[in-house]
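Comments concern the structure below.
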Amino acid sequence: MTHPTPAQTGITPGETAEQHAHFEARIARGEKIEAGDWMPAEYRRQLIRMISQHAHSEVVGMLPEGEWITRAPSLKRKTILMAKVQDEAGHGQYLYHAAETLGATREDMLQALLSGKAKYSSIFNYPTHTWADVGMIGWLVDGAAIKNQTMLAGCSYGPYSRAMVRICSEETFHHKQGKEMIVAYAQGTPEQRAMAQDALNRWWWPAMMMLGPHDADSPNSGVLSKWGIKLKSNDEVRQEFINEHVPELLEAGLTIPDPDLHQDAQGNWRHGPIHWDEFWAVIRGEQGLNKERLGARQAAHDDGAWVRDALQAYADRQRAVAAD
Ligand code: BYC
């Protein structure tokens with residue numbers, strides 16, 4: 001006979017039903033769970049998994065846009081892009097700190113990323129071919145991320161929820177600058193219009209996929225919903241994303257690359273089938289730029305070794321001075 005695993009039940013051997021009942025009552029009352037509070041081991045494991053993967057996504061997400069800083073078409077666009085890429089680094093910092101409050105170490109998290117053990121968002125394994133991709137990432141990728149992260153800002157774990165509030169306000173600026181850029185190109189010269197449409201053709205489906213598999217294929221959603229980490233399902237967030245973005249893209253004069261897209265009687269935009277084979281192949285690194293992205297992160301990690309060594313030496317000296 002096989003016994004259900006902690007990932008399925010949420011209950012780890014050694015934990016009692018009373019502890020779980022007390023914990024779940026706190027969540028039901030809308031209380032935030034803080035770092036020092038008792039929490040089920042599976043709650044902690046799920047949060048470390050999700051928050052560290054989110055942090056990795058922010059840091060790897062700097063790469064596709066960062067490539068365009070030297071090629072931005074104007075000073076205004078360059079300064080906006082530099083600010084955006086720096087913001088993503090900051091988001092990575094807040095999120096690594098949030099995961100550290102749960103006992104994860106920075107070294108272990110980075111090792112998991114660099115070894116390929118930890119995931120990061122599938123969306124950042126797609127290449128940026130033209131300048132319009134920078135705008136489309138802002139409009140669609142940040143747009144999808146905001147839908148997901150506004151939901152997570154209400155999650156039950158205090159440090160993650162508070163990091164999300166701050167990140168969402170910065171992402172809102174990212175989203176607006178992307179939309180402003182693409183709307184301008186969609187109304188610009190024939191070349192600009194073609195560039196904007198080509199970017200939409202390539203980013204639409206990856207943006208839809210980044211919100212995660214359909215609910216029926218989402219193994220983590222059960223416990224995440226039960227414990228107030230996910231307040232909406234993957235498909236609900238995807239629906240919100242489509243309902244907001246489809247009318248805006250159409251109004252900009254662009255064509256969405258989905259022949260099955262239509263509005264139902266309730267006013268929801270319904271999409272055609274998503275190619276999940278592509279999604280999983282991209283996550284496994286069989287398709288897209290996974291090797292290049294991890295190679296770039298490894299090089300940055302190696303180049304930064306002297307900074308970590310210098311900080312460690314300084315901290316050791318401060319400790320020695322304090323001990324004297
Ligand atoms: N990519 O059970 P499920 C940004 C994995 S960055 C890769 O539904 P869950 C930005 C999932 O991890 C925004 N893997 O998972 C930055 C799981 O595998 P494991 C990034 C994915 O956690 C720079 C398996 O599939 N946002 O905005 O319940 C520049 C089954 O899925 C993906 C976040 O990270 C994916 N797209 O739900 C510009 C938000 N989707 O771990 C912009 C935080 C699923 O069991 N994360 N998988 O081996 C979340 O909200 C949730 O983790 C997800 C997935 C909704 C993404």
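Read the numbers this way: they start at 1 and go in the same order the structure lists the ligands and their atoms. What's counted below: heavy atoms across the whole structure, side chains too, no hydrogens, waters or symmetry copies. Predicted model only: the values in this text are computed from it and were never measured.
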Task: Residues clustering with F173 (ILVMFWY side chains joined when closer than 4.5 Å, directly or via others) - done: I80
TODO: Provide the full list of salt bridge (charged side-chain N to carboxylate O under 4.0 Å, His left out) pairs with a residue in residues 91-103, sequence neighbours left out, each pair given once.
DONE: E100-R106
Open item on the list: Has D258 got a side-chain atom pairing as donor or acceptor with H271's backbone, closer than 3.5 angstrom?
Closed with: no
Task: Flag, side chain of E15 to backbone of A41, donor-acceptor distance under 3.5 Å - done: yes
Hey, what polar pairs (N/O, under 3.5 Å) does ligand 1 make with protein?
residue, atom, partner, partner atom, Å
ligand 1, 1 (N), S122, N, 2.8
ligand 1, 1 (N), S122, OG, 3.4
ligand 1, 2 (O), S218, OG, 3.2
ligand 1, 2 (O), P219, N, 3.3
ligand 1, 2 (O), N220, N, 3.0
ligand 1, 2 (O), N220, ND2, 3.0
ligand 1, 8 (O), S218, OG, 2.6
ligand 1, 8 (O), N234, ND2, 2.9
ligand 1, 12 (O), R49, NH1, 3.3
ligand 1, 12 (O), Q53, NE2, 3.1
ligand 1, 15 (O), N220, ND2, 3.4
ligand 1, 18 (O), K119, NZ, 3.3
ligand 1, 22 (O), R49, NH1, 3.1
ligand 1, 22 (O), R49, NH2, 2.9
ligand 1, 28 (O), K230, NZ, 2.6
ligand 1, 36 (N), S122, OG, 3.1
ligand 1, 36 (N), M210, O, 3.0
ligand 1, 37 (O), K230, NZ, 3.1
ligand 1, 41 (O), R49, NH1, 2.8
ligand 1, 41 (O), Q53, OE1, 3.3
ligand 1, 45 (O), N220, ND2, 3.1
ligand 1, 48 (O), K119, NZ, 2.5
ligand 1, 50 (O), N148, ND2, 2.9

Open item on the list: Could you work out, with salt bridge (charged side-chain N to carboxylate O under 4.0 Å, His left out) as the rule, every residue matching E292, not counting sequence neighbours?
Closed with: none
Open item on the list: Is it true that D37 and Y157 share a donor-acceptor pair across their side chains at a distance under 3.5 Å?
Closed with: no
